[in-house]
Amino acid sequence: MEYNHKEIEKKWQDHWFNNKRFEAVDFSEKPKYYNLVEFPYPSGEGMHVGHIRAYSSLEIVSRKRRMEGYNVLFPIGFDAFGLPTENYAIKKKVHPRIVTDKNIEIFLNQLKTGGYSFDYDRVIDTTQEDYYRWTQWIFVQLFKKGMAFRDRTFVNYCPSCKVVLSNEDSQGGKCDRCDTAVVQKEKDVWFLRITKHAERLLEGLNELDTLPRIRIEQENWIGKSTGAHVDFKVKDTDEVLQVYTTRPDTLYGATFMVIAPEHHLLKRQHDKIKNMDAVHRYQEEAKLKTEFERVELAKDKTGVKLDGIVAINPLNQKEIPIFVADYVMIGYGTGAIMAVPAHDSRDYEFAKKFDCEIVEVISGGNVEEEAYLATDEGILVNSGMINGLTVQEAKEKIIAYLEEKNIGTKATNYKMKDWAFNRQRYWGEPIPVIHCDVCGMVPVPEEDLPVVLPEVDDFQPGEGGESPLASIEEFVNTTCPVCGQPAKRETDTMPQWAGSSWYFLRYTDPRNTKVLADYKKLEYWMPVDWYNGGMEHVTRHVIYSRFWHQFLFDIGVVPTAEPYKKRTVQGLILGPDGDKMSKTKGNVVNPLTIIEEYGADTLRVYTLFIGDYEQSTPWNDNGVKGARRFLEKLARLETKVSDEENQSYQTILHKTIKMVDEDIESLKFNTAIAKLMTLVNEMGKAEHICKTDFEIVLKLVYPFAPHICEELWNGLGHTEDMVYVSWPTYDPAKIVETVLEMVVSVNGKVRDKIQITAEMSESEIVELAKSSERILELTEGKAIRKVIVVPNKLVNIVV
RNA sequence: GGCGACGUGGCGGAAUGGUAGACGCGCUGGAUUCAAAAUCCAGUGGCUGCGAGGUCGUGUGGGUUCAAGUCCCACCGUCGCUACCA
């Protein structure tokens, strides 16, 4: 067969897609299997080799599952709201709707060119009204249950994108989109009460089949810690300054307190604080600092001592000063800390600079030199009732004491904050809320959904961080659905994470106009059996979507408590230079040129052969040729096919069936392909190949390189395509080697090899090993102290 | 700073504690060809030896073990995530 990839691939793609060969069937009798890959953002760049790699894993698994007799749901869609499209629309003066539709069409064609076996009848697009209607519907439910609320706080604001960013989108003090330094801005914004689910999000991880590093990253993100809330009285006031600490055992060492610049105490005790001018100046400075300055340039501690008020240490009744300093964050714990300089490096640094008392309360270090951070070992000193106790004992005793005296409680805290849920841009789901002077905030009635994005001429965001929707009077002005009075619409839109937080549900019933998805269909398809995606989405998207899913479960909309059974991640494909692919570095590999030159089968095989699937690895153009050669060798086997049986390759054939099966299930595609290459090389040496054996090889290669396999399968005279032919199983009898080689080593060094047969006993093997000429030379005149036999592997003789 | 992963030929990478370097790329030699491409065959970690072989070798230094790339400890380096988290 001449390998004309263009012709073959076109032919089979037309056949599959025109005949809907990958259609997922609702309520089929077959067992269901739901494979999910993260849906792409339809950028103008189109498909990237990263997409190929990301989708290929479950593409392989989906093809294999169909052959194994499953009813497979393997869907694809588009997460199409977001800034790049909007920015492009602003620049080129084209409506984002037009840009999005065009990009989606291109992307879908590219996916088909790659031969991906998605069910293309279930394609969804988060920007379509019939989709975001349900995104808004979920928001309304969240709002009704008090899970969505509005609050005035300092938010991360990108002066370039003119957008309020969540903490997740402004990591490292830089805007996720444009890298501009983020500043703090006070604003009324929407939040989702995800912190209420912190514990459940943590517990749900126990049910998730995933790698430890993936689970740990999520656990760290949620950031649970345990300790105590402790109340400190502020002298001569009714004020109680509450702190959160993980180290209540060090309470006797608390020699001063620090509150965040935004702490409400400053406003409340305004009159008593004598140096309020200095405090105000400090607050202003802190506000102007970007996140970057606050974190990266934090080497030097700054702060202002409050003049006029002091706190009382509740254990020893000592008066201790209160400082304002920006090393304490308003958003974590209570925004105030008890400072224990002897045993916390930040407090130590601050105490040294501001000349505060340092009292050692845990022995073992040298607090003259540095903070002693002992956690487990170490005995309490200078600590009244807990002297002599271990840290653990002291913690328990102090908490009991605090609770008894009613000045503190055992407490749990989470790093995770409520989810800042808003954008001030055009291309997003309008938040379906109406502001009425009489009734307050009222959700848009469900029958009025969706709140449709209005047509506008200018998508440019307002200078003050206002949404472009705010300037459209026909949109803003409405009537209150409760009292009928004139009212105004909310003009914020949702962040991009919204549409992706439930998309996997919509795939089960993508055209439903009554509910987000039919409950019976959800019961049939959910949960997602296997979800593959990027490491970068493990902490944000996965947690957000689990939160929404848990909420939807609580209100009876979905049948499972957790959405995903298994989560895996793919490693990045780096540029040929080993750097992350980027347009600016000019090291981007375009998958379409590879498909053009070598074919989709080659591209698919190469992107999986390139290295460990879960590890990052650089692209290598030469490697592509190897993948292509493999397929050519496979095609050449066709010429050797006969009806006659051939025993010469049976062992390796059946071993390969076993290993390829196992490797696919454990994402070891690189070794699966290596073993298939070995098999094809071996069978190439045979005089003739039995037709049924060649069929097995085609079935094994099919998930990786389906087009050429279909062609060869067809060439054998089959009229039915390979999509639902049965996956091969190995014959256990055939993988047992009758004659095999064992290594004989002396003191762990390999010295000889012996041929044994499967029937030989261990003592026979040892005798054979000892009597080998090479071994006799080495053991002559020495006493054999020990002989270790590892069945079918080696004999080690210790002298 | 914290958490995590990783470190193996010229390159990408294989190795349930049991023959280190599977498989691929590249390279060398040969066959084929008028020649080339393609294809096929052989070889391909270092040092050493005519040779059978010997010896060293998985970032560095220790340890456990009959046996360590693999397990443990320390250090060095690279990458990812996170970050004054109290």
Side-chain angles (χ1 to χ4, degrees), chain A residues 171-173 211-221 223-225 227 243-247 250 254 258 260 291 294-296 298-299 301 325-329 331-340 343-347 349-350 413-417 535-536 538-539 571-572 574 576 578 580 605-606 609-612 614-627 629-630 632-633 636 668 670-681 684-685 741-753 774 785-799:
Chain A
Q171 289 172 6
L211 292 174
R213 66 186 167 107
I214 296 173
R215 186 168 51 247
I216 288 167
E217 202 159 287
Q218 292 192 61
E219 283 169 357
N220 289 346
W221 184 259
K224 183 179 183 174
S225 68
V243 301
Y244 171 72
T245 177
T246 55
R247 298 297 304 275
T250 62
V258 186
E291 192 75 19
R294 216 167 141 157
V295 175
E296 293 299 316
K299 310 287 175 254
K301 294 272 183 291
D326 63 6
Y327 83 89
V328 172
M329 303 291 150
Y332 185 77
T334 62
I337 62 160
M338 62 175 213
V340 185
H343 305 289
D344 181 287
S345 51
R346 292 153 302 172
D347 297 344
E349 205 183 311
F350 191 85
N413 203 40
Y414 301 90
K415 279 193 223 171
M416 186 171 68
K417 293 169 192 162
M535 195 65 199
E536 71 276 21
V538 162
T539 48
L572 292 175
L574 307 169
K580 224 176 193 167
V605 168
Y606 179 63
F609 181 64
I610 190 169
D612 186 313
E614 292 168 303
Q615 223 82 51
S616 296
T617 176
W619 180 268
N620 178 349
D621 277 324
N622 285 325
V624 179
K625 290 181 199 150
R629 277 180 204 157
F630 162 62
E632 285 170 357
K633 281 186 203 170
R636 246 180 274 135
K668 300 291 177 200
N670 55 336
T671 51
I673 293 167
K675 285 156 194 165
L676 288 168
M677 286 172 167
T678 308
L679 177 67
V680 168
N681 289 342
K685 292 174 190 164
E741 193 180 69
M742 274 179 81
V743 161
V744 184
S745 62
V746 177
N747 291 342
K749 290 194 179 193
V750 179
R751 297 299 180 183
D752 203 4
K753 289 163 189 178
R774 292 267 309 125
R785 293 195 297 166
K786 203 172 178 182
V787 178
I788 289 121
V789 179
V790 181
N792 299 343
K793 293 267 183 184
L794 63 70
V795 179
N796 187 24
I797 298 168
V798 186
V799 294

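First the proteins, then the strands, lettered A, B, ... as listed; each starts at 1.
Separating the CG atom in A/Asp344 from the OG1 atom in A/Thr245 is a distance of 9.0 Å, to the nearest 0.5 Å. Here the straight-line distance linking atom CD1 of A/Ile610 with atom CH2 of A/Trp619 works out to 6.0 Å at 0.5 Å rounding. From A/Ile216, atom CD1 reaches atom CG of A/Leu211 across 10.0 Å, with rounding to the nearest 0.5 Å.
Of the C1' atoms belonging to B/G43 and B/C6, the separation is 33 Å, rounded to the nearest Å. Nucleotides B/G54 and B/U33 place their C1' atoms 44 Å apart, quoted to the nearest Å. Atom name C1', nucleotides B/U19 and B/A14: the rounded distance is 14 Å, in whole Å. B/G10 and B/A5 are spaced 26 Å apart, taking the C1' atom of each and rounding to whole Å. For the C1' atoms, the distance from B/A22 to B/U8 is 13 Å, rounded to whole Å. Between B/G69 and B/G63, the distance separating the two P atoms is 15 Å to the nearest Å. Nucleotides B/C84 and B/U65 have their P atoms positioned 46 Å apart, rounded to a whole Å. Atom C1' of B/U70 sits at a distance of 10 Å from the matching atom of B/U58, rounded to the whole Å.
Checking the phosphate oxygens (OP1, OP2) of B/G54, a side-chain nitrogen or oxygen of A/Arg751 falls inside 4.0 Å. For the pair A/Asn681 and B/G24, the criterion of a side-chain N or O lying under 4.0 Å from OP1 or OP2 is met. The phosphate of B/A86 (OP1 or OP2) has no side-chain N or O of A/Tyr244 nearer than 4.0 angstrom. Of the side-chain N and O atoms in A/Asn670, one or more sit less than 4.0 angstrom from OP1 or OP2 of B/A14. Contact between the side-chain N/O atoms of A/Lys625 and the OP1/OP2 oxygens of B/C25 is not found at any separation under 4.0 Å. An OP1 or OP2 oxygen of B/A22 is reached within less than 4.0 angstrom by no side-chain nitrogen or oxygen of A/Thr678. Checking the phosphate oxygens (OP1, OP2) of B/C56, a side-chain nitrogen or oxygen of A/Lys749 falls inside 4.0 Å. The side chain of A/Arg629 places no N or O atom within less than 4.0 Å of a non-bridging phosphate oxygen (OP1 or OP2) of B/A38.
Within 4.0 Å of A/Leu794, counting heavy atoms only, lies at least one base atom of the nucleic acid. Within 4.0 Å of A/Val798, counting heavy atoms only, lie sugar-phosphate atoms of the nucleic acid but no base atom. When heavy atoms are screened at a 4.0 angstrom cut-off, A/Glu536 is found touching no nucleic acid atom at all. Counting non-hydrogen atoms under 4.0 angstrom, A/Pro212 reaches nothing in the nucleic acid. Residue contacts shown for A/Arg774 are limited to sugar-phosphate atoms, with no base heavy atom under 4.0 Å away. Among the heavy atoms of the strands lying under 4.0 Å from A/Arg346 is at least one base atom, whether or not backbone atoms are also near. A/Ile788 comes within contact range of at least one nucleobase, with a heavy-atom separation under 4.0 Å. Base contact: A/Val790 has a heavy atom under 4.0 Å from a base atom. Counting non-hydrogen atoms under 4.0 angstrom, A/Ser616 reaches the backbone sugars and phosphates but no base. Contacts of A/Lys633 with the nucleic acid, taken as non-hydrogen atoms under 4.0 Å apart, involve only primed sugar atoms and P, OP1 or OP2.
Here B/C84 sits opposite no nucleotide as a Watson-Crick or G-U wobble pair (both hydrogen-bonding atom distances under 3.5 Å). Applying the Watson-Crick and G-U wobble criteria (two distances, each under 3.5 Å), B/A68 pairs with nothing in any strand. The partner of B/G43 is B/C27, judged by Watson-Crick or G-U wobble contacts that both fall below 3.5 Å.
Between the side chains of A/Lys633 and A/Asn681, a donor-acceptor pair is found at a separation under 3.5 Å. In this model, a donor atom of one side chain and an acceptor atom of the other lie less than 3.5 Å apart for A/Tyr244 and A/Ser225. Checking A/Tyr606 against A/Asn620 by side-chain atom types alone, no donor-acceptor pair falls below 3.5 Å.
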**Study point:** Pair A/Met416-A/Lys224, side-chain contact (heavy atoms from CB on, under 4.5 Å): steps then yes or no
**Key:** CA-CA 8 Å; A/Met416 186 171 68; A/Lys224 183 179 183 174; over 6 Å; no
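A salt bridge is defined here as a Lys NZ or Arg NE, NH1 or NH2 lying under 4.0 Å from an Asp or Glu carboxylate O, and A/Asp326 with A/Lys301 fails to meet this definition.
For B/G9, the glycosidic angle deviates from 0 by 90° or less, giving a syn base.
If you check distances only, the side chain of A/Lys301 does reach the base of B/C84 with a donor-acceptor pair under 3.5 Å. For B/U82, its base never sits under 3.5 Å from the side chain of A/Lys415 at any donor and acceptor pair. Below the 3.5 angstrom threshold, one finds a donor paired with an acceptor across the side chain of A/Asn796 and the base of B/C66.
Nucleotide B/A22 holds its P atom 19 Å from the CD1 atom of A/Ile610, rounded to whole Å. Taking atom CG on A/Leu574 and atom P on B/U78, their separation rounds to 17 Å, with Å as the unit.
Of the candidates B/C40, B/C23, B/C84, B/C40 carries the atom nearest the A/Arg636 side chain, counting heavy atoms from C-beta on.
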